Amino acid sequence: MEHNFSSTLTCLWQEACRKSLFPEGCEKTLAQFLSFSFSKAFPEDPSDTFPDEVHRLSCSELALIVFPRESFCSNDTGNVHFYRTFRGHPPETEYTRSSDPAILAMMEDARGEERMERVLTSLPGYSSWSRAVAVPLIRPDTSLPGRIFPGALLAVPAGGIEAGEELTRSKGALRKYLETVLAPPIAGLLQNARIGRSAPRTPAPHDLPEGSLDLSEAPPSVPGAYREGRAALTEHLVGEGGGLRSVLKRIETVVSSSLPVLLLGESGTGKEVIARRIHRRSPRRDQPFIRVNCGAIAPELIDSELFGHERGAFTGAVKRKLGWFERAHGGTLLLDEIGDLPLPAQVRLLRVLQEGTFERVGGEEEISVDVRIVAATHRDLPGMIQQGAFREDLWYRLSGYPIVIPPLRERQEDIPALAHHFCQRSSRKFGIRTQSITGADVEILRSYQWPGNIRELASVMDRAVLLSEGGALDFHKALERIVPLAPDSPRESDISPAPLGAGPPAFPTLDEAMERHIRRALEKTRGTIEGPEGAARLLGINPHTLRARMRRQGIRWGEYRRSRDLSGQERRKPPR
Ligand SMILES: Nc1ncnc2c1ncn2[C@@H]1O[C@H](COP(=O)(O)OP(=O)(O)OP(=O)(O)O)[C@@H](O)[C@H]1O
């Protein structure tokens, strides 16, 4: 099966939309800009086909830079230069998301500009930083010969629409093709993703807000592939009549109030899905729903992320920025991984919960917000309170209405419905039709313990569909790939006591064991964090959580990545 230029680009964008929050009003510009840049990377005939692998893989690297419009210029070939921006003035880095902590760190670092340049120029396809326009990258994955590694570096002009007008001055049939064939579906995709994030339900085609695009205009090569934004993927709830019945009953009694809700449950059990349901069923449904992963924000940025900052509050604060509390005004704020919130931020959060007010960083104005808090964690908060890692008073504030989401192994009745749901989802995602799930398949799935819960089931299904190549699903094979960490972990040496007389026993602490385990997963996946082959999936945790843990434990992703890129050479051992 082969896919053409437009379906490949559309899939890449579908992935980008799930990972990034694009500024309102920028859809059309961004789509044109990116479509054009893509053609620069692939100057061949746009109807050229790509091998199946390109199409199947998700976009595993993404960095988004928002830069000021004044520094944006284009020549008449439409090539955009922003070299001067980074040379002359610091970029306005508004939002970055990347599976590459190295890129993320660079952007947060004062000297990041220099290092960013080094990384960009080292990427295949770039001869100089000045040519590093917004180009989705597709390059060979050296760890898996014959496969392709897709990723994207997006540079978005902060000025939005006007900046796009520059592009429209460039000439040629290719531009026309990009504008007429590719830009509308991509713009629609972006716009729908944004609407989906703030709207309580996915609008039906007939009631899309004015100005939004009907995706029925999109090229038909992968029907429906770009219709699913992150919201659609996370809002569908399986198990309403089964294992989640009591959870949903509890939700119903609280939805009409503004009481904070605390969702407790193992990683991957569906806490975010339930939080979205609470929002959708509440009177706030027409207001924003915002999710913040408290564990994924660098501690020094937490205040600014949650409460915003004033211009000049610190180096790099070039303009006022609203925090998540203000952005969620009137709606619901999901504080995910609340157990990872550092203690000083817990104090400030407590104040907002008690008084409903706060000040932006560097500001004096008292700001009041009306936000419904839903907090979620897989951690043992009472245990953390005992250890002094979580404030007791915050716990009392948050735990007024706790809801425990049972792990998948305790709601086996939901497995058939979940399996069907994810099978359809994976088939749509990869454009592969498979044979249906049989009773024997369900038995195999039921006999597995699902430590990674529903997220793990979804990833096993992805793998099964990919491996099926359109034929029967083989769950023995699909599950095999999840298990390989078990035989060599824990290693004997990790737990054996030291010889007598040699001092205290060398029993690793929990932190040390966790660090080793993460390192092993990174070694196995050669630094891949997200996606079906990634370390997060292997460990059964959210990629954001994994990155946060790596950061906390000083694990540098770059070492593992470099070992992957040394094709044909001996792999470099990561530091211990
Ligand atoms: N009941 C459900 N029906 C359909 N899909 C579900 C359900 N529960 C979870 N999922 C899917 O499983 C995945 C994990 O769910 P979610 O992110 O809500 O889990 P979580 O408990 O918040 O995980 P973490 O603690 O790691 O953040 C998502 O892709 C979600 O769409």
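For reference, positions follow the sequence shown, starting with 1. Quick caveat, the model's predicted, so the values are computed rather than measured. As the structure lists them, so they are numbered: ligands from 1, and atoms in each ligand from 1.
Checking only distances, Leu244 never comes within under 3.5 Å of ligand 1, N or O to N or O. The shortest N/O to N/O separation between Arg411 and ligand 1 does not fall below 3.5 Å. Taking any N or O of Leu418, backbone or side chain, none lies under 3.5 Å from an N or O belonging to ligand 1.
Judged by distance alone, the side chain of Thr525 and the main-chain N or O of Thr528 form a donor-acceptor pair under 3.5 Å. In this structure, the side chain of Arg284 engages the main chain of Gly330 through a donor-acceptor pair within 3.5 Å.
Proximity annotation for atom 24 (P) of ligand 1: of Arg455, Glu272, His378, Glu266, Arg455 comes nearest, heavy atoms only. Of the candidates Ala275, Gly270, Gly239, Ala417, the one placing a heavy atom closest to atom 9 (C) of ligand 1 is Gly270. In this comparison of Thr377, Asn293, Ile454, Ile405, the heavy atom closest to atom 8 (N) of ligand 1 sits on Ile454.
Heavy atoms of Gly268 approach ligand 1 to within less than 4.0 angstrom. Within the structure, the closest approach of Arg291 to ligand 1 does not fall below 4.0 Å when heavy atoms are considered.
Interface of Asp336 with ligand 1, defined as ligand atoms under 4.0 Å from a residue heavy atom, comprises 27 (O). Annotation for ligand 1: atoms under 4.0 Å from non-hydrogen atoms of Val238 are 1 (N), 2 (C), 3 (N), 4 (C). Of all atoms in ligand 1, listed by their number and element, those nearer than 4.0 Å to a heavy atom of Phe422 are 5 (N), 11 (C).
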